[in-house]
**Student:** 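The structure that follows is given in the form of structure tokens.
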2 protein chains.
Amino acid sequence: MNKTRQIKDLLYEQVARIGKAASSPKRLELIELLCQGEKTVEMLARAAAISMKLASAHLRELRGANLVETERRGKNIHYRLADKAVADFWVVIRSLAEDRLVELQLALQKIAAAPNDLVPSDRETLMKAARRGDVVVLDVRPVEEYLTTHLPFARSIPMDELRQRLAELPKDRPVVAYCRGPFCLMAKDAVDLLRKEGYSAAHLRDGVAEWGMI
Amino acid sequence: MNKTRQIKDLLYEQVARIGKAASSPKRLELIELLCQGEKTVEMLARAAAISMKLASAHLRELRGANLVETERRGKNIHYRLADKAVADFWVVIRSLAEDRLVELQLALQKIAAAPNDLVPSDRETLMKAARRGDVVVLDVRPVEEYLTTHLPFARSIPMDELRQRLAELPKDRPVVAYCRGPFCLMAKDAVDLLRKEGYSAAHLRDGVAEWGMI
DNA sequence: TTGTCAATCTAATGATTGTTAGATTGATTA
DNA sequence: TAATCAATCTAACAATCATTAGATTGACAA
């Protein structure tokens, strides 16, 4: 009697559909981008540095695994995560990779900004400081992503406007910049710029997906 | 300047190594088996109903992603999960698949045992009842797996000995059987047998991986 | 030493993928 | 209506993967 075996094969095959969706670097990057909010194919392709055709093919795979869903609005097709659980999955698989793969640890160490001791490192203390106004939490992602969701008390200055809008930031208090997450290098660039201009700045490793704010 | 792009490609590629490891049904089954404790290649191959050669090849992949580790003891090579985080990952990806894939939901509904209202369904209440002795928690996995780790207050009677050892179980209290997790059908078989023999029996969907007891 | 067992390594196969180009669809604009 | 744009579909190629068979290693037992 191998009926049990047939059922088991079927069950694991289904889970493997999710694994397959997560087995391509570009698909993972698309998932992370969609964690920041709804996007069109064109936006996704540009952000992931691939052709629209290839982005479309990868998104098709993600849709086949029911991880994303689409909605047509005029000429554009907007993609979004099918569920918050997908964002959580991205955080889990990324964390596991960080835990287990030395190559990833090394790569991340290289891009880590120098720490700033003036800024609290745990979430609760940071939020208390932000509430009191002792630190400025700065979201350097594109403004649409900020509008979809952002960390509490965060102020939006997209990275490519930061140089012109420096005056909006105070020099007497630390600025804590964040972006899309540990793989996004914008916050680090922001910190480098701010420090060069004489600001007290620090880099927040996590983004909205890690904070569970999808 | 596409140095940023190069770094990003590298980062996502590393995470994709984990996804790739999780993209094969048999590899996922091997991970779940290893969640129950250390096993030799032969044991894994038998349990997953594949040849030793194929099992070895899949285990090689898992080792390449640093998800499992090996130790030689005499003639045998023993495999185990490299970290508790791998077991947690298995639970997360399986849950996501259950959330998103209708096919999986349907397959699981078919194999779900009829509920037994006499048995509490949440963990805390169940454990209180088990502590008082109001229910018997029964582990029907092979005894080695029970010895590695088991739910609190659980008693071990492996599935293939259950018929002969029925007398060890009380008829005046409900028996709650569990096995390797939602994809393992042994607990359901145990419940079917127990009910036919006049016992009050229920099926616990989760196993030690779901309870975080690795 | 010789033989046996567990497991891996190597090489080969067929089947899936990632990726790209070209044709096509659906919605908008002129 | 024709032209344009966003995105998909189809078909094709090369690259990768699953699976199997045959040879090999490492440990043990006779």
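Reminder, nothing fancy here: chain letters follow the sequence lines and each chain counts from 1.
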**Student:** Quick one: is dA6(D) close enough that its OP1 or OP2 comes under 4.0 Å of any side-chain N or O from Arg72(A)?
**Tutor:** no
**Student:** Does this structure show an ion pair linking Arg5(A) with Glu29(B), if we count only N-O contacts that are shorter than 4.0 Å?
**Tutor:** yes
**Student:** Take the protein atom CG of Leu59(A) and the nucleotide atom P of dC9(D), then report the distance between them rounded to whole Å.
**Tutor:** 11 Å
**Student:** Is the phosphate of dA7(D), meaning OP1 or OP2, less than 4.0 Å from a side-chain N or O of Asn76(A)?
**Tutor:** yes
**Student:** Ignoring hydrogens and geometry beyond distance, is a side-chain donor-acceptor pair present between His78(B) and Glu38(B) at under 3.5 Å?
**Tutor:** yes
**Student:** Consider the side chain of Glu42(B), meaning its heavy atoms from C-beta on, and name the nucleotide among dA18(D), dA7(C), dG18(C) that approaches it most closely.
**Tutor:** dA7(C)
**Student:** Name the residue closer to the 5' end of DNA chain C, choosing between Gly74(A) and Ile77(B) according to the nucleotide with the nearest heavy atom.
**Tutor:** Ile77(B)
**Student:** Taking all non-hydrogen atoms of both residues into account, name the closest pair between Leu169(A) and Arg155(A) and its distance.
**Tutor:** CD2-NH1, 4.2 Å
**Student:** Calculate the interatomic distance between His78(B) atom NE2 and dT8(C) atom C1'; express it in whole Å.
**Tutor:** 16 Å
**Student:** Can you tell me how far C1' of dA7(C) sits from CG of Leu54(B), to the nearest Å?
**Tutor:** 14 Å
**Student:** Please give, in whole Å, the distance from dA7(C) C1' to Lys39(B) NZ?
**Tutor:** 18 Å
**Student:** Is any side-chain N or O of His58(B) closer than 4.0 Å to OP1 or OP2 of dT19(D)?
**Tutor:** yes
**Student:** To the nearest Å, how far apart are Glu71(B) CD and dG26(D) C1'?
**Tutor:** 16 Å
**Student:** Would you call the rings of Phe89(A) and Phe89(B) parallel, tilted or perpendicular, taking 30° and 60° as the class edges?
**Tutor:** parallel
**Student:** Can you tell me how far P of dT16(D) sits from CZ of Arg17(B), to the nearest Å?
**Tutor:** 15 Å
**Student:** Which part of the nucleic acid does Thr40(B) contact within heavy-atom distance under 4.0 Å: base, sugar-phosphate only, or nothing?
**Tutor:** sugar-phosphate
**Student:** Rounding to an integer number of Å, can you tell me how far Met52(B) CE sits from dT8(C) C1'?
**Tutor:** 9 Å
**Student:** Counting C-beta onward and ignoring hydrogens, is there a side-chain heavy-atom pair between Glu145(A) and Arg180(A) closer than 4.5 Å?
**Tutor:** yes
**Student:** Under the 3.5 Å rule, do the base of dG22(D) and the side chain of Lys53(B) count as making a donor-acceptor pair?
**Tutor:** yes
**Student:** If you assign Lys75(A) and Thr70(B) each to the DNA chain C nucleotide with the nearest heavy atom, which residue ends up on the more 5' nucleotide?
**Tutor:** Thr70(B)
**Student:** Determine the contact category for Lys26(B): base if any of its heavy atoms lies under 4.0 Å from a base atom, sugar-phosphate if only primed atoms, P, OP1 or OP2 are that close, otherwise nothing.
**Tutor:** nothing
**Student:** Mind checking if Arg73(A) touches a base, just sugar-phosphate, or nothing, with heavy atoms under 4.0 Å?
**Tutor:** nothing
**Student:** Have Asp206(B) and Tyr178(B) got a donor and an acceptor in their side chains that come within less than 3.5 Å?
**Tutor:** no
**Student:** Heavy atoms only, 4.0 Å cut-off, all strands: where does Arg63(B) land among base, sugar-phosphate and nothing?
**Tutor:** nothing
**Student:** Please report, rounded to the nearest Å, how far the P atom of dA18(D) is from the CD atom of Glu29(B).
**Tutor:** 15 Å
**Student:** Between dT20(D), dA7(C), dT19(C), spot the one nearest the side chain of Ser56(B), thanks.
**Tutor:** dA7(C)
**Student:** For Tyr79(B) and dA6(C), is the shortest distance between a side-chain N/O and OP1 or OP2 below 4.0 Å?
**Tutor:** no
**Student:** Given dC9(D), is OP1 or OP2 found less than 4.0 Å from the side-chain N or O atoms of Arg60(A)?
**Tutor:** yes
